[in-house]
2 protein chains.
Amino acid sequence: MARAGKDKLKEAPEKTTRIQEINRRLILDAALDIFSTYGFRGTTIDQIAERAGMSKPNLLYYFPRKQNIYVTLLEETLAEWLAPLAEIDAEGDPIEQLRKYITLKINMSETHPEASRLFANEVLHGAPAISDFLTKHLKPLVDEKAAVIRRWVGEGKLAPVDPYHLIFMIWATTQHYADFDVQVRAIMGSQVGRPGFKEQTAQAVLSIILNGIRPRG
Amino acid sequence: MARAGKDKLKEAPEKTTRIQEINRRLILDAALDIFSTYGFRGTTIDQIAERAGMSKPNLLYYFPRKQNIYVTLLEETLAEWLAPLAEIDAEGDPIEQLRKYITLKINMSETHPEASRLFANEVLHGAPAISDFLTKHLKPLVDEKAAVIRRWVGEGKLAPVDPYHLIFMIWATTQHYADFDVQVRAIMGSQVGRPGFKEQTAQAVLSIILNGIRPRG
DNA sequence: CTGCATTTTGACCAAGTAGTCAAGTTTTTG
DNA sequence: CAAAAACTTGACTACTTGGTCAAAATGCAG
């Protein structure tokens with residue numbers, strides 16, 4: 001694009017003012033709360049604006065379309081959500097690496113349940129806004145880690161398991177505690193809020209999965 | 001209210017005509033498709049009416065409110081969805097019973113993914129329409145089966161696992177294939193549709209969970 | 001066939017909601 | 001400190017959508 005040009009020649013000037021930074025953050029934080037609770041269609045711009053403490057036209061000054069807020073939010077959070085998977089170290093001890101991964105995921109489910117619900121809702125409805133991301137970024141990453149796990153199996157360091165199904169099981173189980181929180185609470189009652197609950201959950205999940213894939217024989 | 005009365009005195013006459021039966025079925029079938037795809041708020045009455053092949057006012061003749069269709073649908077499907085859990089036999093062999101349960105759940109995820117998604121969406125959004133059901137029917141049933149599993153553990157027939165977390169893991173893992181179908185497809189591609197896929201899934205899930213809870217030592 | 005009950009629908013209404021706009025206010029900058 | 005740029009908002013529009021209604025069409029019992 002622009003070659004040369006004077007100082008002032010701003011073409012796609014991405015300069016963000018202090019106020020912009022503050023308000024975009026305010027909006028996105030509010031939007032995460034609302035979208036994750038009510039879904040895309042169930043959320044109104046007015047709700048987000050109120051939660052963010054500004055008028056609707058003002059909000060629309062920063063994000064001209066409702067879709068923009070939603071997509072920005074998904075993009076912002078997806079990377080963070082996937083990060084733990086990328087950290088699985090092919091050179092580390094298999095059981096230790098998977099223990100670390102599962103623990104991280106359970107922690108995230110507890111500290112960022114809204115993010116989990118935002119994705120769950122999006123995927124449940126066919127992932128209209130992120131199907132590209134799924135095939136272009138998620139799949140390659142999963143393929144890579146699946147290859148690592150398959151190698152571990154080949155080396156006899158893990159029982160023979162299909163790596164993809166193992167990854168799905170870890171996702172499903174850990175995110176269940178965020179996505180189905182109401183159900184978990186309806187069944188386990190007051191235990192859920194209590195201090196040691198997360199540790200107890202981690203212990204149970206780790207115990208089953210790790211023993212399920214530990215080499216036998 | 002009215003006691004006695006002649007033959008013709010119909011009070012709360014639940015007589016359903018042939019046409020009523022046909023049309024209510026038509027509506028509910030259409031509604032399951034649409035609600036499970038777009039959620040409650042994301043679904044319009046017009047969409048359901050079109051899919052059911054009738055006019056909107058006609059649909060509203062059978063179900064005066066959108067809510068009515070939704071709630072009827074949930075009630076109709078919940079019982080069926082929970083049935084396999086009730087079948088776990090306290091007197092049977094633990095591993096065999098759980099193998100049967102998991103297999104049934106995986107089959108249901110494949111044959112009725114819409115039902116799974118309908119619940120997932122409802123629970124994800126805080127279960128506004130079924131929170132009563134969760135505490136009054138689901139919890140007691142789960143408590144009962146958890147007690148059975150706990151007894152099995154006590155008898156040394158299973159490794160020491162928390163029964164609630166085990167049940168959650170089974171739900172999460174099996175329903176994942178229905179609820180997150182797009183994601184599974186994005187990652188595993190054409191394999192998903194292929195004949196043996198369900199069996200391969202069942203094999204992987206059973207292998208990890210059953211080995212994870214088999215008594216050790 | 002006839003009259004009553006059931007079913008069906010076009011036209012309509014009211015509420016809710018995404019997005020616009022022009023006019024004001026505040027912040028930044030030369 | 002003045003002018004420009006950035007920001008803010010009340011009032012409004014266009015459209016979607018849940019639900020109504022009265023009148024027409026159909027089904028059915030005697």
Side-chain angles (χ1 to χ4, degrees), chain A residues 6-31 33-35 37-74 125 128-129, chain B residues 6-31 33-35 37-74 125 128-129:
Chain A
K6 307 256 189 79
D7 262 49
K8 289 231 181 171
L9 215 202
K10 27 186 164 164
E11 310 222 293
E14 284 144 34
K15 77 167 169 189
T16 47
T17 69
R18 181 183 54 93
I19 295 178
Q20 270 168 40
E21 211 157 309
I22 293 173
N23 282 343
R24 286 178 64 96
R25 190 72 268 138
L26 236 41
I27 293 168
L28 289 172
D29 287 348
D33 267 17
I34 314 280
F35 277 134
T37 308
Y38 303 104
F40 183 75
R41 288 285 309 262
T43 294
T44 71
I45 298 182
D46 294 83
Q47 272 178 297
I48 302 175
E50 194 191 343
R51 169 81 55 119
M54 68 184 69
S55 69
K56 178 166 66 170
N58 198 18
L59 181 152
L60 287 164
Y61 172 74
Y62 293 100
F63 294 90
R65 313 271 142 190
K66 188 182 172 185
Q67 267 277 348
N68 297 156
I69 316 175
Y70 186 68
V71 171
T72 304
L73 212 47
L74 280 169
H125 293 3
Chain B
K6 309 257 187 77
D7 264 51
K8 289 224 175 175
L9 217 201
K10 25 187 167 159
E11 312 220 296
E14 283 145 33
K15 77 166 174 191
T16 47
T17 69
R18 182 182 51 92
I19 295 178
Q20 270 166 40
E21 212 157 309
I22 292 173
N23 281 342
R24 287 179 61 97
R25 191 71 268 140
L26 236 42
I27 292 168
L28 290 171
D29 287 350
D33 266 18
I34 314 280
F35 276 135
T37 308
Y38 302 105
F40 182 75
R41 289 285 308 263
T43 293
T44 71
I45 299 182
D46 294 83
Q47 272 178 297
I48 303 176
E50 194 190 344
R51 169 81 55 116
M54 69 185 67
S55 68
K56 177 167 67 169
N58 197 17
L59 180 151
L60 287 165
Y61 172 74
Y62 293 101
F63 294 89
R65 312 270 142 191
K66 187 183 173 185
Q67 266 279 346
N68 297 157
I69 317 176
Y70 186 69
V71 171
T72 305
L73 213 48
L74 280 170
H125 292 6

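Each chain gets a letter, A, B and so on, in the order its sequence line appears, and its residues count up from 1.
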What nucleotide among [options] has an atom nearest to a side-chain atom of [X]?
X	options	result
Asn58(A)	dA18(C), dA11(C), dT8(D)	dT8(D)
Ile19(B)	dA11(D), dG19(C), dG27(D)	dG27(D)
Gln20(B)	dG10(D), dG19(D), dT6(C)	dT6(C)
Pro57(B)	dT9(D), dT20(D), dT28(C)	dT20(D)

DNA chain C contacts among residues 61-70 of chain A, heavy-atom distance under 4.0 Å
Arg65(A), Lys66(A)
Quick one: side-chain hydrogen bond (donor to acceptor under 3.5 Å, both in side chains) pairs with a partner in residues 56-68 of chain B, sequence neighbours left out?
Asn23(B)-Tyr62(B)
Is any side-chain nitrogen or oxygen of [X] closer than 4.0 Å to OP1 or OP2 of [N]?
X	N	answer
Thr17(A)	dT28(C)	no
Asn23(A)	dA6(D)	no
Arg41(A)	dT16(D)	no

Have a look at Ile45(B) and say if it touches a base, only the backbone sugar-phosphate, or nothing, with a 4.0 Å heavy-atom cut-off.
sugar-phosphate
What contact category does Thr44(B) fall into here, base, sugar-phosphate, or nothing, at under 4.0 angstrom with non-hydrogen atoms?
sugar-phosphate
Please name the residue in the list Leu26(A), Ile34(A), Ile27(A) that meets the side chain to side chain contact (heavy atoms under 4.5 Å, CB included) test with Arg51(A).
Ile34(A)
